[in-house]
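Take a look at the structure set out below.
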Amino acid sequence: MDFNPENTIPKSLFMEYNFKDIEVKWHEHWKANNAYRVSNVSEKPKFYVLDMFPYPSGAGLHVGHPLGYIASDIYSRYKRLKGFNVLHPMGFDSFGLPAEQYAIETGQHPATTTEKNIETFKKQLDKIGFCYDWEREVRTSNPDYYKWTQWIFLQLFKSWFNPELQKAESIDTLIKSFETSGAKGAGKHESDQFTADDWKSFSSAKQQEILMNYRLAFSAFGEVNWCEALGTVLANDEVVNGVSERGGHPVIKKKMRQWYLRITDYADRLLNGLNTVDFSDSMKEMQRNWIGKSEGCEMEFSLIQNSDLTPNPSPGGEGGKASILTTDPETWKLLKDFAIENRKNKTNAEDKLWQRLRNNQLDSKVRRQHVIEDFIIDFAFLNEKLLIEVDGGYHNDDQQKIYDDMRTHVMGELGYEVLRFTNEEVEQNIEDVLTKISFVLKERAPLSLGRGAGGEVKEVKTIKVYTTRPDTIFGVDFLVLAPEHELVNKITTAEQRKNIDEYLTYVKSRSDRERMSEVKQITGCFTGAYAENPFNGKQIPVWIAEYVLAGYGTGAIMAVPCGDQRDFLFAQHFNIPITNIIGEHFNGKEANPTKEATLQHSEFLDGLLMKDAIKVAIEKIENARLGKRKVNFKMRDAGFSRQRYWGEPFPIKWEDGLALAMNETQLPLELPHVEKYGPGPEGEGPLANIAEWKNQQLETSTMPGYAGSSWYFLRYMDPHNASTFCDRKVSDYWNQVDVYIGGTEHAVGHLLYSRMWTKVLYDLGLIGFDEPFKRLVNQGMIQGSSRFVYRIKGTQQFVSFGLKNQYEVDELHADVNMVDGVELDTEAFKKWKPDYANAEFILEDGKYICGSEVEKMSKSKFNTVNPDDLVLKYGADTFRMYEMFLGPIEQSKPWDTKGIEGVHRFLRKLWRLFNDDLKGKVWNDEKANDAEFKVLHRTIKKIESDTEQFSFNTAVSAFMVCVNELADLKCYKKEILEKVLILLTPYAPHISEELWSQLGNSGSILDAVYPVFEEKYLVETSKEYPVSINGKVRTNINIDLSAQQPEVEQIVLSNDIVQKWLEGKSPKKIIFVKGKMVNIVM
RNA sequence: GCCCAUGUGGCGGAACUGGUAGACGCAGCAGACUCAAAAUCUGCCAUUCGCAAGGGUGUGAAGGUUCGAUUCCUUUCGUGGGCACCA
């Protein structure tokens, strides 16, 4: 073998692009020099770039996570080079369900696992080279942080929304107003009817109860989405098609005391604020949809009185009851005797409750020991059909339980609701009991049912509907009430009673899941009652149907079959005659919801265009005092309680059924240690299992995930402040988040809540801006590209994709990492799982071809790719640039590792402009020429505008073009190259810093001066004009740029190719766009 | 059903306010260097007719506006996302 000294020298150690050493070296250097520390004091203008902080899950990062982080990192570094003081922090949304689920399964404390996960995340993030100032890290589960979450909650609790000023203010202003003018005046609820003197005479409890109806954070009994399997209450957006988003468990409605945020008060401002921020159209649209503003009017229809209408029917009869007897007659007798025995011995609790209920104390007449059917009821509110039962804690007694259930069932059949309390509840917590009773009473009180001094029943006279189309008033063919509507029982005629009861039973039997997932089915029932069209006296039948929702508008609609498809189908199904008020616009086969038709058969609206008639109709309705203009929102107040452990405790104590705010100096109220993470009694959270907590009467639910994330962007500004959540001076400096980057999945949750919190804090004068995020950039999701193999049922034979239809097969996921394109590595597959060791393959063309599908990236689908592996193999700079090169940032796309080589090659090519593998240093100090300057400045221009617009994929390609051109020009000149490095720093910081220092620069490239684009280097004197004939390009002709039309015409027409195409004819017209093109029209 | 996106080579994608469609990269093909491989470099690469020169066709489909349309308008189909009986 020849001795060749060059072969024996390990050149690569110092000549080749050795990304591993370079990246480690500069990480350490930047860390040691605190290169990413950000100060709140600076001469420079500020810029705030924010990522949606991650929930630190146990699975670690996959290639999808860093996409947004890389984009924001590039933008931050770019802004820093442009001379801004850039805040670009990172933290962790570390409270949440998964950690708690994991704790239930393994017994490990969520704090421990969360801490561990965060360390993993940080390690992974640091490898990619992000410029976070870790000294500003926030963790929502840290007491120093959630102290202020609790504090802000107290501000919400202590505030109300003054609709006159459209802003939040201290609840004290409301109290003052009650003291001086009672319930009269702007912003007071209609239901509150009292004078200033009344107010002063109210007990403190009653006052607090009223105030609770105004607080921005308030407590109420409400129907919540209860998930038995998870043992918790879920937000609407955590429920998908009637099952939980996590785990897909069934979700039912349940009444519980809950905390809420009165976000509906902010509906209008949340809507209008969208016009002042730079979010994508689709994002704004999603929020608008969620808020769901609709303008229309409420109006009343009088009921036609006739002898059939029995306001308070009592159907009775044995028939209904027998069917639900679940025990045999013998047991039934025993139970009954046993129960009656018990009832005879009146308890203290019953007496205590009686003292608080009697004499209309809850504004409603109550009877005690009332007999209904075969039962003796402790307390009965007959008007509201609400029954109260008090018993000694027999809940665990099986027999008693069966008996109770049966009673509830029977009473339910008769239209009664039964509330049950234990003796202990009544004796120890009577206020809570009363609150609950009065809540349900209010809910069950008939709307138009006057309650006189003696509690006498007045007859039901009207039904109030909500409509956005009052112009169609003469097309109303029937009214529909929601089945839950309180008037249903009052207006149903004796004749229809049986049918209605059957229908109500049917509705109750259907779970939410059925109601939501089922294909549209037309169901309903006639009540027997008729209403009257106030304008023409027409008799209108009143129906009930599932398709009308109790929770929206008034829970009743006027149905116009010719204009609304649901009404149309309903009318068709039940053979209700349809009135046509739009002539030929209605074809009798489907409804036409147009607003453009001219009205007919509509008396005072005849001849008007529908869209114009809306205003006219509303005016008429208002003048006739039949109703009024009304705006409705789909959005509901946000449920703010979770029956969970791993969240912020509420700084609230319950005393005699009243919620009391803890003193702010006592914050944080720290999460206590628990032994078990399972739910507490009665669906309460795990905190209810702790005696010490319970004894202090502390709230046992915790705050939801979005509590901490609703204000974290403020804490980053002033993360260590112990005396306030964020100093006003500091928040005035950093102000709004200039660019916020994250996924669309938070469009309606997190983004609405944080916008609301910001508005409240602004109203209270705690910060100086009322929209948190000036500009929002949505990164698309990186999807996984899954691969499938097809196993013939019951065998170990796997058939290739193209042949699978010939067999009966199971589709199984195969790990994407052992498939090349779609060709399976069969040997790797056999080794993958023991089950597959004996796999046989049926090939096509000698290959096993996999099926493929784009799905969410997830471990269970074997389609994840770990960024760590790619950083190890290609380096962080390559990884960063490749993720950006994949395509537009906001577009979703499946991950494909294949192209990463190309980006890596580009960086090596860049490296070779500075260093040759063999010769070492090749860069020089020579002066650059025009061609080189032209390349440089074209690149500056392109990179600058692409970076500003978050068009990072085209920026990466511009870098490639630049390096290709410089290599072609053999340009190794420092004068050019160092400018290119500065442009590249945001994208590939490590290699840029290394080469920057090799060029002999002192100081970090992080603070270099961004090159300034100069037009003069790009100025051209002539251009290759494309010349087309009749729009088709036939040739290119080089023409001086200063040339004017006549001159150009002459040059073009004298061209041989043009002459050939003209075929001797003379052109009709010659179009010349200076600097663009020439088109000859023949 | 309604709303919002989106549709361009074998693949990811580019194309400024309408002005040379396919930049850049991947994959592929051919060649150089090498004993060989890797690395690197050079060329080709929408489709079709043609030896070539050159021509036809092409941005989901069909129309329209225009001297000129991937870009604007109308209709329609496919894909992705959101809302989902909201009166």
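Proteins come first, then strands; the chains are lettered A, B, ... in the order of their sequence lines, and each starts at number 1. Just so it is clear, the values below take in all heavy atoms, side chains as well, and ignore hydrogens, waters and symmetry mates.
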Does the side chain of [X] get closer than 4.0 angstrom to OP1 or OP2 of [N] through an N or O atom?
X      : N     : value
A:R288 : B:C83 : no
A:R469 : B:A87 : no
A:S957 : B:G13 : no
A:W911 : B:A39 : no
A:N964 : B:A23 : no

Under 3.5 Å on both distances, the Watson-Crick or G-U partner of [N]:
N     : result
B:G31 : B:C41
B:G9  : none
B:C16 : none
B:C2  : B:G82

Point to revise | A:P888 side-chain proximity, nearest of B:G13, B:G19, B:A87 | key: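 Selected nucleotide: B:G13.
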Point to revise | Span that lies between the C1' atom of B:U34 and that of B:U40, in whole angstrom | key: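 12 Å, rounded to whole Å.
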Exercise for review: Pick the P atom in B:G10 and in B:U47, then give their distance to the nearest Å.
Suggested key: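 The same atom, P, in both gives a distance of 7 Å.
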Practice item. Supply the atom-to-atom distance A:S957 OG to A:M884 CE, rounded to the nearest 0.5 angstrom. Key: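 Between A:S957 OG and A:M884 CE, I get 14.5 Å after rounding to 0.5 Å.
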Exercise for review: Under 4.0 Å between any heavy atoms, over every strand shown, what does A:R908 touch: base, sugar-phosphate, or nothing? Just pick one.
Suggested key: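 Sugar-phosphate, backbone atoms only, no base.
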Exercise for review: Take atom CE of A:M1077 and atom P of B:G18, then tell me their distance rounded to the nearest Å.
Suggested key: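 In whole Å, B:G18 P lies 14 Å from A:M1077 CE.
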Filtered N/O pairs between nucleotides 68-79 of chain B and protein, under 3.5 Å:
none

